[in-house]
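For reference, the structure is listed below as structure tokens.
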Amino acid sequence: MKQLVDKLEALQILEREEFKKILLCDEDYLFERARYVAQGVYGKSIFMRGLIEFTNYCKNNCYYCGLRAGNKEAQRYRLSKEQILQCCKTGYPLGFRTFVLQGGEDPHYTDEILVDIVREIKAAYSDCAVTLSIGERSYESYELLFKAGADRYLLRHETANDEHYKTLHPDTMSPTNRKKCLYDLKKIGYQVGCGFMVGTPNQTLEHIVDDLLFIKELQPQMVGIGPFIPHSDTPLKDSKAGDVHLTLNILAILRLMQPNLLLPATTALGTLDVHGRERGILAGANVVMPNLSPVEVRKKYLLYDNKICTGEEAAECVDCMRNRMKHIGYEIVVSRGDFLSHCER
Ligand code: 5AD
Ligand code: SF4
Ligand code: FES
């Protein structure tokens, strides 16, 4: 197995069968190498992103997600521009230099409304990056938002395998369009993040290899990886959660495949394991995304059950996260935390 890890580190790619083997690796060596490679690029600095969950309305019906339109139990909310700016105002002195606006696909937020919000954030916080995570939109819409100042865009591809995609989403959603959106975003000039859940129903190792190969092709700047966690008011409520160890292996593999990748240790990982985020960093992740949403709405933004950090104030989460990182020998830095391309390294 060590040989395979060394091969991946050297070539940044493996054969399909080799990927399947290394995905099941049970040796600390994989994490050791991933950490070493991460530290070679980013040192022991951890970048922080402030997550502002500004709407939990969604027109889509992904079978796994608690925000799906069909979930009549969800208590819906939207944040106004003023409330969003207030989140930034809270976050800036806490050290946030990236604000992530995340929401369901909510038609209320037209291009006009979003452009105005992005412009105002960038005008008030010119040293900060704005990341959008608001799903599939048209090329024109992505372009308008980029021109308004948005720097980055997160759109998990969810699964690169079209058959598997169709078992997780209704026919109204298309895997082809999702991938097209990612290529559109890259073309426009965004720093782009794709990603997928680990352990969704029917996911096989072959599917995960498809994901790794898709990522190799897309060459995103970020990849969001977290375990699937069932939500009790969704069609997948009785499915079992994803595996933490497999998630960590995938993080480490991605680090070795693309040394400068921005790789978050996700909230979902922290939800399944009290030390999940720390373990993510020790497997090669270099980003954390504490919640900056107003405490009043946090319990309403439930993609899955038992989500952590829904009762804490932003300052409490930042303190908690800073201590967690310090405890494992890492340090949260005050920085936009941009992707480092090869020439800057
Ligand atoms: N478990 C884990 N992650 C989920 N997401 C949505 N529902 C769940 C769930 N039940 C993830 C999706 C989406 C991101 C915002 O959250 O990958 O892209
Ligand atoms: Fe909507 Fe995203 Fe949830 Fe799908 S995963 S239902 S698009 S919020
Ligand atoms: Fe939110 Fe620990 S990071 S309470």
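In each ligand, atom 1 is the first atom listed, and ligand 1 is the first ligand listed.
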>> Show me which atoms of ligand 2 lie under 4.0 Å from any heavy atom of Y64.
In response: 5 (S)
>> Measuring centre to centre across the rings, with the benzene-like ring taken for any Trp, is Y64 within less than 6.0 Å of F228?
In response: no
>> Protein heavy atoms near atom 2 (Fe) of ligand 2, is at least one of them under 4.0 angstrom away?
In response: no
> Looking only at protein heavy atoms, which one is nearest to atom 7 (S) of ligand 2, and how far off is it?
Replying inline: N60 ND2, 3.4 Å
> Numbering the atoms of ligand 1 from 1, which are under 4.0 Å from a heavy atom of C65?
Replying inline: 7 (N)
> Going by heavy atoms, is E316 under 4.0 Å from ligand 3?
Replying inline: no
> Looking only at heavy atoms, is any part of R277 under 4.0 Å from ligand 3, and if so is it the side chain, the backbone, or both, or is it neither?
Replying inline: side chain
> Any N/O/S atom, backbone or side chain, of C320 lying under 2.8 Å from atom 1 (Fe) of ligand 3?
Replying inline: no
> When you measure from atom 11 (C) of ligand 1 to every protein heavy atom, which one gives the shortest distance, and what is it?
Replying inline: R156 NH1, 3.7 Å
> With atoms numbered from 1 as shown, which atoms in ligand 3 lie under 4.0 angstrom from a non-hydrogen atom of C309?
Replying inline: 1 (Fe), 3 (S), 4 (S)
>> Testing the 3.5 Å rule here: is there a donor-acceptor pair between the side chains of S141 and D111?
In response: yes
> Is the shortest side-chain N to carboxylate O distance from R97 to D127 below 4.0 Å?
Replying inline: yes
> Taking atom types as modelled, is there a side-chain donor on Y142 or E136 under 3.5 Å from an acceptor on the other?
Replying inline: no
> If you count the atoms of ligand 2 from 1 in the order shown, which ones are under 4.0 Å from a heavy atom of G104?
Replying inline: 8 (S)
>> For H108 and Y57, I'd like to know if the aromatic rings sit close, meaning centre-to-centre distance below 6.0 Å.
In response: no
>> For the CE atom of M48 and the CZ atom of R322, what is their distance to the nearest 0.5 Å?
In response: 5.5 Å
> Considering only the protein, which heavy-atom contact is closest to atom 4 (C) of ligand 1, and what is its distance?
Replying inline: M197 SD, 3.3 Å
> So is Y64 polar-close to ligand 1, meaning N/O to N/O under 3.5 Å?
Replying inline: yes
>> Quick test: of every protein heavy atom, which one is nearest to atom 2 (C) of ligand 1, and how far off is it to 0.1 Å?
In response: P227 O, 3.3 Å
> If we only count N/O pairs under 3.5 Å, is I229 in contact with ligand 1?
Replying inline: yes
> Counting heavy atoms only, which of E53, E158, Q102, R68 comes nearest to atom 13 (C) of ligand 1?
Replying inline: E158
>> Y304 versus ligand 1: do any nitrogen or oxygen atoms come within less than 3.5 Å of each other?
In response: no
> How about Y77 and F54: are their ring centres within less than 6.0 Å of each other?
Replying inline: no
> Does K21 NZ have over 12 foreign heavy atoms under 6.0 Å away?
Replying inline: no
>> Using a 4.0 Å cutoff against the non-hydrogen atoms of C58, which atoms of ligand 2 qualify?
In response: 1 (Fe), 6 (S), 7 (S), 8 (S)
>> Show me which atoms of ligand 2 lie under 4.0 Å from any heavy atom of C62.
In response: 4 (Fe), 5 (S), 6 (S), 7 (S)
>> Could you identify the single nearest non-hydrogen protein atom to atom 16 (O) of ligand 1 and state the distance to 0.1 Å?
In response: L303 CD1, 3.5 Å
>> Please list, in number order, the atoms of ligand 2 under 4.0 Å from a heavy atom of R68.
In response: 6 (S)
> Under 6.0 Å from the NZ atom of K216, do we count more than 12 heavy atoms belonging to anything else shown?
Replying inline: yes
> Without hydrogens or angle criteria, can the side chains of Y330 and Q39 be said to hold a donor-acceptor pair below 3.5 Å?
Replying inline: yes
>> Suppose I only count heavy atoms of C65 and a 4.0 Å limit; which atoms of ligand 2 are within that range?
In response: 3 (Fe), 5 (S), 6 (S), 8 (S)
> CG of L302 to OG1 of T234: how many Å apart, nearest 0.5 Å?
Replying inline: 12.0 Å
>> At less than 4.0 angstrom from any non-hydrogen atom of E312, what atoms of ligand 3 do you find?
In response: 4 (S)
>> Can you classify the ring geometry of Y165 versus H169 as parallel (below 30°), tilted (30 to 60°) or perpendicular (above 60°)?
In response: parallel
>> Measuring from atom CG of L254 to atom CE of M222, what distance do you get when rounded to the nearest 0.5 angstrom?
In response: 14.0 Å
